[in-house]
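Below you'll find the structure, written out as structure tokens, and then a few comments.
Model, not experiment: these values are computed from the prediction. All chains are named by letter (A, B, ...) in the order of the sequence lines, taking the proteins before the strands, and each is independently numbered beginning at 1. Computed over heavy atoms, backbone and side chain alike; hydrogens, waters and symmetry mates excluded.
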2 protein chains.
Amino acid sequence: MVVKKRVTLKDVATVAGVSKMTASRALRGASDVSKSNVDKVRQAAKDIGYIGNHLALSLSSQRSNLIGVIVPSVANIVFAEVLAGIAEAIENSGMQPVFGVTDYDATKEYDAVRNMLSWNPAGLIVTGLDQPEDTRRLLLNADIPIVQIMDTDGDPVDVCVGFSHVRAGEAMAEALLATGRKRFGYVGCGLVQDTRANKRLGGFKRALAKRKLGVIGIETSEEHSTLAAGRRLTAQVLKKIPELDCIYYSNDDLAAGGAFHCISEGIAVPEQLMLAGFNGLDLVKSLPVRIATSLTSRRDIGIEAVNVILRRQREGSDTKNRCFDHPPHIDLGL
Amino acid sequence: MVVKKRVTLKDVATVAGVSKMTASRALRGASDVSKSNVDKVRQAAKDIGYIGNHLALSLSSQRSNLIGVIVPSVANIVFAEVLAGIAEAIENSGMQPVFGVTDYDATKEYDAVRNMLSWNPAGLIVTGLDQPEDTRRLLLNADIPIVQIMDTDGDPVDVCVGFSHVRAGEAMAEALLATGRKRFGYVGCGLVQDTRANKRLGGFKRALAKRKLGVIGIETSEEHSTLAAGRRLTAQVLKKIPELDCIYYSNDDLAAGGAFHCISEGIAVPEQLMLAGFNGLDLVKSLPVRIATSLTSRRDIGIEAVNVILRRQREGSDTKNRCFDHPPHIDLGL
DNA sequence: GTTGGTATCGATACCGGTATCGGTATCGAC
DNA sequence: GTCGATACCGATACCGGTATCGATACCAAC
């Protein structure tokens, strides 16, 4: 046996005793092909283990079944769940997701978008609305549906699916104020680039300001959000400002870390100190103490993003410049 | 302005006043092209916003820069971290990962592998060693590096990167036995298909059997592993067999759920009841009680898997049929 | 027998790049 | 002035499919 070469459509055609074209037709729609030839081709394809070549298919037909997805991180469960939603919605659509990771780095994001576009995807899903100018231009020039997810505070290139982080921050502040809390702290691992967490903090502060209140203790760090960081930063902020009666975290991981700190230190949560995270992770729901959080519908956002693209494919551009809002739902955990 | 058409290499060449071929050369290696032409072409490409077309590139050059990755789930943080490792290792290699999700379903896995192969990837990373016959044949016939990850208990198609789950289960049993525990329970959300968890349980039981011991309480469920499920199943198993002094869980999520149950019920962990999970998640390290776990190096496994493929690309098939072992490290949390 | 419609098939031209090879220009050496 | 080597460039043939259009066969209708 010689070198194992890839089985091509031509091989199938030869075995089946028909032309390449007939084999091609037989393997897909199968209109305009006699029943007997369809069978022959199908059988031949199976016999010699024909797989097909999407590269050639997409190049030739000028459309691909790829949907590009660009997220800042996959290790973050929040984006992992968005991806899960995307994978779920894409199922059975004949499409295939391709993921790119930016690591919260604008340069990598630009590269990822560019790279993605070079695959002629049917659509592109990118995270956030605040791409730098050059990346935005790339997206604008791409002649495919672009869905920006997880944020609606801004001007979408095409369509956005998510919610307003500003409003989410405001809403949480209002809910916490309604419980009578007055001395607020903030703990965040907001990489400076985490514009969405910053938007939430902005909304949070604004809502407090309306009641002539403010964030009186703040502790942040450049590292990634982890439970351990949450634990440590909570200890720090409480050491500086022990009289806090409520801490808002940039996300649930940090808040849960804070909860662990409180459990260890015997601080009564939420009686003595109320904790509020963001995302509504499974983790928070199962915690031995009750903390507040904003439940975001990551999965739904992923699903909707895909659906926007699929609809666009079928029906043409109906929903240009629209925003799909999936506002978070506050759970005070009380 | 008419219909916006995709900018092709030919357009670049025209603008730069050279042939397609020269433009092609100028934009990549740039050997055999005069400096002045390289500049002209580069400038032209930038001016008209040339992006390139990977489909054509890969089809024409008969090699792609894709690395296919097939995992059962992305919502599971363990695989998310593997993906993160993969993304990290792939960075700057010029390669691009494409992910497929199987949802622990063999049929979907077959489809995913097939689909992936049709993109002519440079390599394929799949999860586990226990693919059904037809999928395995697909992998065997593919003339690219195939890396099976997360498991080494079996016969790899090509290369495997992971660890023995049987030994991992044994090791945990031995470590727990060494602390003097005698009445073992097991809690698992082993979908029947979760062969790896079953391998661990098998190893665990075998090690106990050597000491004439066994698992005297077992509680499983078909659902996905969640903290809530861990909490519930722990309550159930303890209700039936209250005298357990140690529970082995199929993973950390369940074990952490068990920990939450114990905290709520005032059960002293680990004094009264020892809990042992699997994976060594961040979650476990930050828990307010100490539980045992096996630290698996997900990220490293992802990185190594990619490196196997990258090495193969450069050096040819040196490591045919090899196994890369990344054994977990037991942390009793004491 | 001729005509027209339908079903079926194949030849050919692409899609947008790269590999390959041959052709020209330039230059130093003899 | 001729020659060979080197640098540079473009024509052409692919890669593996699909779109398109024309060819052929067959059958019913006139």
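- The 5' end of DNA chain D is approached more closely, in terms of each residue's nearest nucleotide, by B/Lys35 than by the other of B/Gln62 and B/Lys35.
- Side chain of B/Arg299 to backbone of B/Leu83: no donor-acceptor contact under 3.5 angstrom is found.
- Nearest nucleotide to the A/Ala56 side chain, out of C/dG16, D/dG10, D/dG16: D/dG16.
- Between the P atom of C/dC14 and the CG atom of B/Asn53 lies a distance of 18 Å, rounded to the nearest Å.
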Open item on the list: Using the rule given for salt bridge (charged side-chain N to carboxylate O under 4.0 Å, His left out), can you reason through B/Lys40 versus B/Asp47, listing the C-alpha separation, both sets of side-chain angles and the distance that settles it, and then say yes or no?
Closed with: CA-CA 10 Å; B/Lys40 264 192 285 186; B/Asp47 287 347; over 6 Å; no
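- Of the candidates D/dG17, C/dA19, C/dG10, C/dG10 carries the atom nearest the A/Ser19 side chain, counting heavy atoms from C-beta on.
- In this structure, B/Leu27 places its CG atom 13 Å from C1' of C/dT18, rounding to the nearest Å.
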Candidate pair A/Asn37 and A/Arg25, rule side chain to side chain donor-acceptor pair (under 3.5 Å), full reasoning: CA-CA 10 Å; A/Asn37 268 344; A/Arg25 281 193 273 248; over 6 Å; no
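- Contact check, A/Tyr50 against D/dG17: a side-chain N or O comes under 4.0 Å of OP1 or OP2.
- Between the side chain of B/Ser60 and the base of C/dG17, at least one donor-acceptor pair of N or O atoms lies under 3.5 Å.
- Taking the screw axis at each terminus of the helix from C/dG1-D/dC30 to C/dC30-D/dG1 from five consecutive base pairs, the angle between the two is 60° to within rounding of 10 degrees.
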Result block: side-chain N/O donor-acceptor pairs under 3.5 angstrom for residues 300-310 of chain A, not counting sequence neighbours:
{"unit_1": "A/Glu304", "atom_1": "OE1", "unit_2": "A/His326", "atom_2": "NE2", "d": "2.7"}
{"unit_1": "A/Asn307", "atom_1": "ND2", "unit_2": "A/Ile303", "atom_2": "O", "d": "3.4"}

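- Here D/dG17 presents its C1' atom at 15 Å from CD1 of A/Ile51, a figure rounded to the nearest Å.
- Rounded to an integer number of Å, the gap from A/His54 NE2 to C/dG16 C1' is 18 Å.
- Closest approach of A/Pro97 to B/Val98, counting heavy atoms only: O-CG1, 3.8 Å.
- What separates CZ of A/Arg25 from P of D/dT18 is a distance of 11 Å, to the nearest Å.
- Checking C/dA19, D/dG17, C/dC15 against the side-chain heavy atoms of B/Arg63 singles out C/dA19 as nearest.
- Between C/dA19, C/dT8, D/dT20, one nucleotide has an atom nearer to the side chain of A/Ser34 than all others, and that is C/dT8.
- With hydrogens and angles left out, the side chain of B/Lys20 and the base of D/dG10 share no donor-acceptor pair within 3.5 Å.
- Here C/dT18 is the nucleotide among C/dG17, C/dG10, C/dT18 with the atom lying nearest to any side-chain atom of B/Met21.
- Checking the phosphate oxygens (OP1, OP2) of D/dC9, a side-chain nitrogen or oxygen of B/Asn37 falls inside 4.0 Å.
- Counting heavy atoms from C-beta on, the side chains of A/Ile67 and A/Leu124 never come closer than 4.5 Å.
- Between the CD1 atom of A/Ile48 and the P atom of D/dG16 there is a distance of 13 Å, given to the nearest Å.
- Atom pair A/Asp11:CG and D/dG16:P shows a separation of 9 Å (rounding to whole Å applied).
- The closest side-chain donor-acceptor pair between B/Arg114 and B/Ser118, if any, does not fall under 3.5 angstrom.
- Among the heavy atoms of the strands lying under 4.0 Å from A/Asp32 is at least one base atom, whether or not backbone atoms are also near.
- Rounding to whole angstrom units, CG of residue B/Leu55 and P of D/dG16 are separated by 15 Å.
- Comparing D/dG17, C/dG16, D/dC9 by their nearest atom to the side chain of B/Leu59 picks out C/dG16.
- No N or O donor and acceptor, one from the side chain of A/Arg28 and one from the base of D/dG17, sit under 3.5 Å apart.
- The side chain to side chain contact (heavy atoms under 4.5 Å, CB included) test with A/Val33 singles out one residue from A/Leu27, A/Val38, A/Val18, and that residue is A/Val38.
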